[in-house]
Amino acid sequence: MATRYDLTRADLAEVLADQPGYRVDQVWDGLHRRCVAPSAMTELPLPLRDHLEHELPAALTLARESVSENGSTVKWLWQLDDAALVETVLMHYPDRATVCISSQAGCAMACSFCATGQAGFERNLSTGEIVEQVALAVDRARPRRLSNVVLMGMGEPLANYDRVWAAIERLHDDMGLSARHLTVSTVGMVPGIRRLTTEALPVNLAVSLHAANDTLRNELVPINRRYPLADLTDACRNYLAAKGRRLSFEWALIAGVNDRPSDAVELAVIARPLGAHVNLIPLNPTPGYATPGTPPSGVRDFRDQLRASGVNATIRQNRGTDIDAACGQLRAAAASSPVELRR
Ligand code: SAH
């Protein structure tokens, strides 16, 4: 059965074929504008609400919710209808919120330092499974406005292109999120970046670079063997030329591996001509990778060196480490353990 956010408007019209025509807009807006379940659509007669709960089932069942010490970060572990598991991270700011969503259960990219990559690939998420993560975040973020969506959770979005793009269009067209507040983060799937370049919506592009020479990048990010840096930077340049959006590079600083002055020099050579913004983050610990992240003073030194060479660089505030919700830590593990609520 198609889940509630997998349905198109035409599908919904079929489900509501025996109802007055205005019900289609009512239900569609309830799902996408207000982001509520049919049971909460009090403008509908009760029997219809019940009927819709049955006809339009939710895709995501909560398996566990973890809340960080200070309450600002919430991680959800969802169980899908085939028992696959994915995670979503909601980050609260004083007056708004950002959600980090998953595009696949697991990931096939096998980046050595990433917990999702260490666990391997399970399957692509459907459009509805992607959109529903956002709808639930909108609801939970209230009274804050959910302003930003980043595809930086589990999976490689550009390896699930069609479903991800349909989800982005839904977020933009039906949920009213602006393209400048939607960010696709990629390990560097060059064909996907080239396809993005042809789309009408100018979403933000983030590239997980982590190394600026092919020898090191081949090791850290294996897909680099297929799409080496020259191809990747060429695709980025074309994207920028077509969209005029800011490009950002993610760089997880690993002690002694990619945090040396020579690494900053190589990165500056690539980032400066693209006008790329560099997001620095000390590597978060994961079970399968022993080398630690760069200590805070080293992170600042690296940033300062980039800035001195004319590169716009910031240190990303690290959220949710106490609940394993930080970048690269999403693993969707331990589903069999009892549901745990941390506050
Ligand atoms: N596959 C996409 C989306 C995942 S985003 C991509 O690679 O961009 C997750 C981000 O966290 C990526 O930038 C990834 O490189 C980074 N990351 C992975 N493991 C990490 C770790 N242990 N510490 C910090 N960042 C990590």
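Remember, it's 1-based here, ligands and their atoms both numbered in the order they're listed. We use all heavy atoms of the structure for the numbers below, so side chains are in, but hydrogens, waters and symmetry mates are not. All figures in this text were calculated on a predicted structure; none of them were measured in a lab.
Counting the atoms of ligand 1 from 1 in the order shown, those under 4.0 Å from a heavy atom of V187 are 6 (C), 7 (O), 8 (O). Each of the following atoms of ligand 1 lies closer than 4.0 Å to a heavy atom of T186: 6 (C), 7 (O), 8 (O). Residue contact check: G155 has heavy atoms under 4.0 Å from atoms 1 (N), 2 (C), 3 (C), 4 (C) of ligand 1. Atoms of ligand 1 lying under 4.0 Å from any heavy atom of G153, numbered from 1 in the order shown and given with element: 4 (C). Here is the list of ligand 1 atoms found below 4.0 Å of a heavy atom in C114: 18 (C), 19 (N). Atoms of ligand 1 found under 4.0 Å from any heavy atom of T286 (numbered from 1 in listed order, with element): 22 (N).
Side-chain atoms of Q118 come within 3.5 Å of backbone atoms of S112 as a donor-acceptor pair (strictly under, hydrogens ignored). For R303 (side chain) and T314 (main-chain N/O), no donor-acceptor pair under 3.5 Å exists by modelled atom type. Using modelled atom types, no side-chain atom of N204 and backbone atom of T183 make a donor-acceptor pair closer than 3.5 Å. Of the possible donor and acceptor atoms, one in the side chain of D11 sits under 3.5 Å from a partner among the backbone N and O of T8.
Cluster partners of V265, using a side-chain heavy-atom cutoff of under 4.5 Å among ILVMFWY residues and allowing indirect links: none.
Within the structure, the closest approach of H210 to ligand 1 falls below 4.0 Å when heavy atoms are considered.
The ring pair (Phe, Tyr, Trp, His ring centres under 6.0 Å) pairs that include a residue from residues 17-53 are Y5-H32, W28-H32, where partners are two or more places apart or lie in different chains.
With contacts defined as side-chain heavy-atom distances shorter than 4.5 Å, the pair E55/R4 does not qualify.
The nearest heavy-atom contact from the protein to atom 11 (O) of ligand 1 is C327 CB, 3.6 Å. Nearest to atom 23 (N) of ligand 1 among the protein's heavy atoms is N284 N, 2.9 Å. At the shortest separation from atom 9 (C) of ligand 1 among protein heavy atoms lies M152 O, 3.5 Å. For atom 7 (O) of ligand 1, the nearest protein heavy atom (residue, atom name, distance) is S208 OG, 3.3 Å.
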- Task: Check the pair E87 / R331 against salt bridge (Lys or Arg N to Asp or Glu O under 4.0 Å), numbers first and verdict last.
- Result: CA-CA 8 Å; E87 291 176 327; R331 205 180 156 76; over 6 Å; no

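Checked against a 3.5 angstrom limit, the closest N/O atoms of E250 and ligand 1 fall outside it.
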